[in-house]
Protein chains: 2
Amino acid sequence: MDKLFKALNDPTRRAILEQLRGKEMSAGDIAGCFTVSKPTISHHLDLLKQAGLILAEKRGQFIIYSLNTSVLEECFAWLLKMTEKKKGSAL
Amino acid sequence: MDKLFKALNDPTRRAILEQLRGKEMSAGDIAGCFTVSKPTISHHLDLLKQAGLILAEKRGQFIIYSLNTSVLEECFAWLLKMTEKKKGSAL
DNA sequence: TCGATATTTAGATAATAATCTAAATACAAA
DNA sequence: TTTGTATTTAGATTATTATCTAAATATCGA
């Protein structure tokens, strides 16, 4: 949960996730969408991978990244809990 | 959006939001639930307020905080977009 | 094998963020 | 109006994070 919220906290990382929506991309393709350096993108990809939000697959000299939204369920569940009325509460 | 994700990134702040579920609490009440100092809690409350996640109302010498989950809609919407299948995509 | 490409790792730096203590402010009650 | 309680603000410190350049690693193609 901690890693998930941490991963989602950065605007560049959220933008990476949005880029990955509906298509796979190599690390270089992803880096090409942003102005920050490739090592920086590589670092963001690492954090996203640690959070389980993306999957990495090596294909030849490329590393292909794809989105994994299943881990967002945990985030959804927490948000849902927060928005639901608590039992026995007036609020 | 940025402030929202930032506010949700810290475990103490998420715990504060959970405490506030179903009941209003003074700043002191909230601080009493945690081991960190009162100024630290005050700072967390400020960030939560900036994100619109809590409301503050002064009552006499107390400041009463309450949850405002409506801003979480934005977060929900983003997560939903991410989990939805993109139009014209194979994934 | 050698040179080019793709990506990461290492190491450094600068910006943010969490936390603390001490002091300031606001209010209440005596 | 003085004392005590509630809370925040100021200022400093430490930890974390984002970012960069340079170097290392891995793979491809000639």
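The structure presented is a predicted model; accordingly, all values stated were derived computationally and were not measured. Protein chains get the first letters and strands the later ones, always in sequence-line order, with residue 1 at the start of each.
Taking atom CD of A:Gln50 as the reference point, atom P of D:dT16 lies 14 Å away to the nearest angstrom. A:Asp2 has its CG atom 12 Å from the P atom of C:dA18, to the nearest Å. When the P atom of C:dT16 is taken as reference, atom NZ of B:Lys3 falls 14 Å away, rounded to whole Å.
Within 4.0 Å of B:Arg13, counting heavy atoms only, lie sugar-phosphate atoms of the nucleic acid but no base atom.
Hydrophobic cluster membership of A:Ile64, counting Ile, Leu, Val, Met, Phe, Trp and Tyr whose side-chain heavy atoms lie under 4.5 Å apart directly or via other members: A:Phe62.
When each of A:Asn9 and A:Lys58 is assigned the nucleotide of DNA chain D bearing its nearest heavy atom, the one mapping closer to the 5' terminus is A:Asn9.
Applying the ring pair (Phe, Tyr, Trp, His ring centres under 6.0 Å) rule to pairs touching residues 36-56 of chain B yields nothing, sequence neighbours excluded. Residues in residues 2-33 of chain A take part in these ring pair (Phe, Tyr, Trp, His ring centres under 6.0 Å) pairs, two or more places apart or across chains: A:Phe5-A:Trp78. For residues 19-39 of chain A, no pair satisfies ring pair (Phe, Tyr, Trp, His ring centres under 6.0 Å), with sequence neighbours left out.
At the phosphate of D:dT19, neither OP1 nor OP2 sits under 4.0 Å from any side-chain N or O atom of A:Ser37. Proximity of B:Thr40 to the phosphate of C:dC20: a side-chain N or O atom is located under 4.0 Å from OP1 or OP2.
Between A:Glu57 and A:Arg59 there is a salt bridge, since at least one side-chain N of the basic residue sits less than 4.0 Å from a carboxylate O of the acidic one.
Under the rule for a side-chain contact (heavy atoms from CB on, under 4.5 Å), A:Lys85 has no partner lying at least two apart in sequence or in another chain.
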Checklist entry - Using a cut-off of 4.0 Å between protein heavy atoms and nucleotide atoms, how would you tag nucleotides 4-15 of chain C 5' to 3' with B, S and -? => result -BSSBB------
